[in-house]
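In each ligand, atom 1 is the first atom listed, and ligand 1 is the first ligand listed. Scope of the values below: all heavy atoms of this structure, side chains included, with no hydrogens, waters or symmetry mates.
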Amino acid sequence: MYITPIQEIFTGNCKDNCVNIRGWVYRKRTSKKTIFLLIRDATGIIQTTSKKGTEAWKEAGKITIESSLKLSGTVKEDERAPGGYEITTSKIDIIGLSETFPIGKDQSEEFIRDIRHLWLRSRKMNLIMRIRSEVLRFMHTFFRERGFIEISPPMFITSACEGGATLFRTKYFDRDLYLTQSAQLYSEILIYSLEKIYTCAPSFRAEKSRTIRHLTEYWHIEPEWAFADMDDVMKIEEELVSYVCQETAEVCRRELEELGIDPKKLLQIRPPFPRITYKEAIERLHRKGFKVSWGEDMGYDEEKALAEDFNRPFFVHDYPKEIKAFYCKTYRDRPEIAMSVDLLVPRVGEITTGGAREDDRDELIKRIRESGLREEDYDWYIDMRRYGSVPHVGFGLGVERLLMWMLELDNIIDAIPFPRSIRRSYP
Ligand code: NSS
């Protein structure tokens, strides 16, 4: 028996046909002569009517919100129905009757977080998860079309990439290891063989504060490639973000509109993105009344305030080396400046960090020592620089941060099915 996906009915191709659909009861309303069931499947929601006196009416009477069912009937065009089509029901087979579904009018944030396993059925989460899947696909396509090879990095690691403060330590047989914060150091190994690689994997950060843009487990897209410079990093980043926005606006138009997002907003995202130096960023912030001084890192408030000047994605580059990681290359004529670049977007702030990697062994050792790290923890990383070192670059993009911006989400937790934070690791 062919099961028609609900979305297919709205194409108009099923008009006056008998169809079978399968799904869950989304809403139920009873009038004197008709029971209206809104049925949802993975693809959409359709209204069905069961007339008094029929077999279908009896079953429709018994059925409860969120029960699963198979339903057969005839597709009718009807202006009054949501989406312009409804099904006149001839038969209902209840598959699994639902107890009283706890998500009704009470949709307070705390409650919804407690019952994530049920909230993921909501229309909002259905749409976000669909778009998330497509966004990931677009990113894979983008890199593959440019000759980048996907590699799978380890999750258990021996030393920090992004500082000890956010490392998760974990028992590993008779010793301790850490959960990865970034694939970067391992990706750098692979460029000596494959030249252009990327990873799509989780990263873990022991973020102790709860914010709207931090998770303890997030998905990280990280390309790394050889024979490239800072300009190449910014070019690829703006092309990637623009490509993902364009494709999403085209392919996910229906989902975006249902979420209340105008696809035109994403279509406007095109390269080149404005570029300002860290120095200029600090000057702009001073003019806005911020007290941040040269050498200090920018926080969320500063990033948001800067973003108001642009109202679109923009780069901040050339940071003081003290506030950037040990692996950042510095300018030979300006050793206090790191070749590091962040991509910032309105409302969310930083969505990527990247730049050039120190490729000189002696300079790298100096930077490791200056950063208060132990050389022996980075033996293999330093060792690579002895054998045909090359200028190379890379960056890391937080998938949930990107989605948070694109989909205008209030909180990063809605960009991932099972968000982890200091307080939440359930379900
Ligand atoms: O720490 S980063 O700024 N940089 C790195 O990890 C580099 N090793 C990446 C690289 O060059 N290959 O993190 C990169 C991005 C950052 O811009 C955010 O978009 C995202 O990762 N990020 C996060 N997203 C969600 N939650 C948390 N806690 C988080 N931390 C970073």
Side-chain angles (χ1 to χ4, degrees), residues 132 135 139 143 148 151 153 157 159-168 178-191 196-225 228 230 232-234 236-237 240-241 244 297-300 303 313 315-317 319 323-329 338-345 347-358 371 378 381 392-406 409 411-416 418-422 424:
R132 179 187 164 104
V135 162
M139 287 199 273
F143 285 115
F148 285 73
I151 63 150
I157 53 141
S159 28
C161 180
E162 297 303 326
T166 60
L167 266 185
F168 276 113
Y178 306 104
L179 293 181
T180 186
Q181 295 170 308
S182 160
Q184 181 194 321
L185 305 187
Y186 295 89
S187 300
E188 287 186 56
I189 300 177
L190 269 301
I191 60 141
K196 294 157 79 169
I197 65 98
Y198 76 99
T199 58
C200 175
S203 278
F204 303 89
R205 305 278 169 115
E207 305 280 359
K208 296 197 182 67
S209 53
R210 246 182 93 213
T211 78
I212 57 160
R213 60 173 198 167
H214 286 93
L215 295 163
T216 54
E217 177 182 318
Y218 70 95
W219 281 73
H220 210 167
I221 295 274
E222 296 181 276
E224 191 75 28
W225 65 110
M230 284 283 278
D232 297 317
V233 178
M234 289 187 257
I236 286 264
E237 288 195 34
L240 169 69
V241 170
V244 169
D297 212 353
M298 288 185 282
Y300 183 36
E303 290 179 8
F315 293 108
V316 180
H317 61 95
Y319 285 81
I323 54 171
K324 288 293 173 182
F326 71 91
Y327 52 72
C328 291
K329 188 168 175 171
M339 296 182 191
S340 183
V341 54
D342 288 0
L343 179 62
L344 276 61
V345 296
R347 251 175 21 87
V348 178
E350 176 201 314
I351 61 166
T352 79
T353 293
R357 321 306 193 186
E358 185 50 75
S371 309
Y378 297 92
Y381 188 70
H392 63 285
V393 298
F395 66 89
L397 176 146
V399 173
E400 292 77 18
R401 292 245 180 123
L402 175 70
L403 285 167
M404 192 182 162
W405 167 64
M406 290 174 65
L409 305 177
N411 193 313
I412 196 164
I413 63 169
D414 282 338
I416 186 164
F418 302 103
R420 266 77 179 101
S421 66
I422 187 163
R424 294 244 170 222

Quiz item: Would you call Lys324 and Asp342 a salt bridge, using N to O less than 4.0 angstrom?
Solution: yes

Quiz item: Short N/O distance, under 3.5 Å, between Glu224 and ligand 1?
Solution: no

Quiz item: Between Cys161 and ligand 1, which part of the residue brings a heavy atom under 4.0 Å of the ligand: side chain, backbone, both or neither?
Solution: side chain

Quiz item: Does Glu400 have a non-hydrogen atom less than 4.0 Å from ligand 1?
Solution: no

Self-check item: Heavy-atom check, side chain of Tyr381 versus side chain of Tyr327, under 4.5 Å
Solution: yes

Quiz prompt | Test applied, side chain to side chain contact (heavy atoms under 4.5 Å, CB included); reference residue, Ile191; option that passes from Lys196, Arg357, His392 | solution = His392

Self-check item: Protein residue, atom and distance nearest to atom 3 (O) of ligand 1, heavy-atom basis
Solution: Thr353 OG1, 3.0 Å

Self-check item: Distance from atom 17 (O) of ligand 1 to nearest protein heavy atom, with residue and atom
Solution: Glu350 OE2, 2.5 Å

Quiz item: In the protein, what heavy atom is nearest to atom 12 (N) of ligand 1, and what distance, to one decimal place, separates them?
Solution: Glu222 OE2, 2.7 Å

Quiz item: What atoms of ligand 1 come within less than 4.0 Å of a heavy atom belonging to Arg213?
Solution: 25 (C), 26 (N)

Quiz item: Is the shortest distance from a heavy atom of Glu217 to ligand 1 less than 4.0 Å?
Solution: no

Exercise. Run the ring-centre check on His220 versus Tyr218 and record whether the distance is less than 6.0 Å.
Key: yes

Practice problem: Could you tell me whether Glu207 approaches ligand 1 through its side chain, its backbone, both or neither, with non-hydrogen atoms closer than 4.0 Å? | Solution: side chain

Quiz item: Pick one: which of Glu303, Glu207, Glu400, Glu350 meets side chain to side chain donor-acceptor pair (under 3.5 Å) with Arg213?
Solution: Glu303

Quiz item: Would you say the side chain of Val233 lies within less than 4.5 Å of the side chain of His317, judging by non-hydrogen atoms?
Solution: no

Practice problem: For Tyr327, take its heavy atoms, then give the atoms of ligand 1 lying under 4.0 Å from any of them. | Solution: 7 (C), 8 (N)

Quiz item: Looking at atom 5 (C) of ligand 1, what's its closest protein heavy atom, distance included?
Solution: Glu162 OE2, 3.2 Å

Exercise. Kindly indicate whether the side chain of Ile236, heavy atoms from C-beta on, has any atom under 4.5 Å from the side chain of Phe143.
Key: yes

Quiz item: Do ligand 1 and Gly398 have nitrogen or oxygen atoms that lie under 3.5 Å from each other?
Solution: yes

Exercise. For the pair Arg210 (side chain) and Ser421 (backbone), establish whether a donor and an acceptor sit closer than 3.5 Å, ignoring hydrogens and angles.
Key: no

Quiz item: Which of the atoms in ligand 1, numbered in the order shown and given with their element, are less than 4.0 Å from a heavy-atom of Thr352?
Solution: 17 (O)

Exercise. Examine distances only and state if a side-chain atom of Arg205 and a backbone atom of Gln181 form a donor-acceptor pair shorter than 3.5 Å.
Key: yes

Quiz item: Quick one: does Leu215 get an N or O within less than 3.5 Å of an N or O on ligand 1?
Solution: yes

Practice problem: Indicate yes or no: at least one non-hydrogen side-chain atom of Val241 is less than 4.5 angstrom from one of Trp405. | Solution: yes

Quiz prompt | Side-chain donor/acceptor of Thr180 to backbone N/O of Ser182, under 3.5 Å | solution = yes

Exercise. Check each heavy atom of Ile351 against ligand 1 and say whether those closer than 4.0 Å belong to the side chain, the backbone, both or neither.
Key: backbone

Practice problem: Provide the number and element of each atom of ligand 1 under 4.0 Å from a heavy atom of Ser182. | Solution: 6 (O), 7 (C), 8 (N)

Quiz item: Considering only the protein, which heavy-atom contact is closest to atom 14 (C) of ligand 1, and what is its distance?
Solution: His220 NE2, 3.4 Å

Quiz item: Considering only the protein, which heavy-atom contact is closest to atom 18 (C) of ligand 1, and what is its distance?
Solution: Arg401 NH1, 3.7 Å

Practice problem: Side-chain contact test, heavy atoms from C-beta onward, threshold under 4.5 Å: evaluate it for Glu237 versus Phe395 and give yes or no. | Solution: yes

Quiz item: Of the protein's non-hydrogen atoms, which lies at the shortest distance from atom 15 (C) of ligand 1, and what is that distance?
Solution: Gly396 O, 3.6 Å

Exercise. Report the member of Tyr218, Phe204, Phe395 with the shortest heavy-atom distance to atom 24 (N) of ligand 1.
Key: Tyr218

Quiz item: Which one of Arg357, Arg420, Arg205 has a non-hydrogen atom at the shortest distance from atom 11 (O) of ligand 1?
Solution: Arg357

Quiz item: Quick one: are Phe204 and Thr216 in side-chain contact, heavy atoms under 4.5 Å?
Solution: no

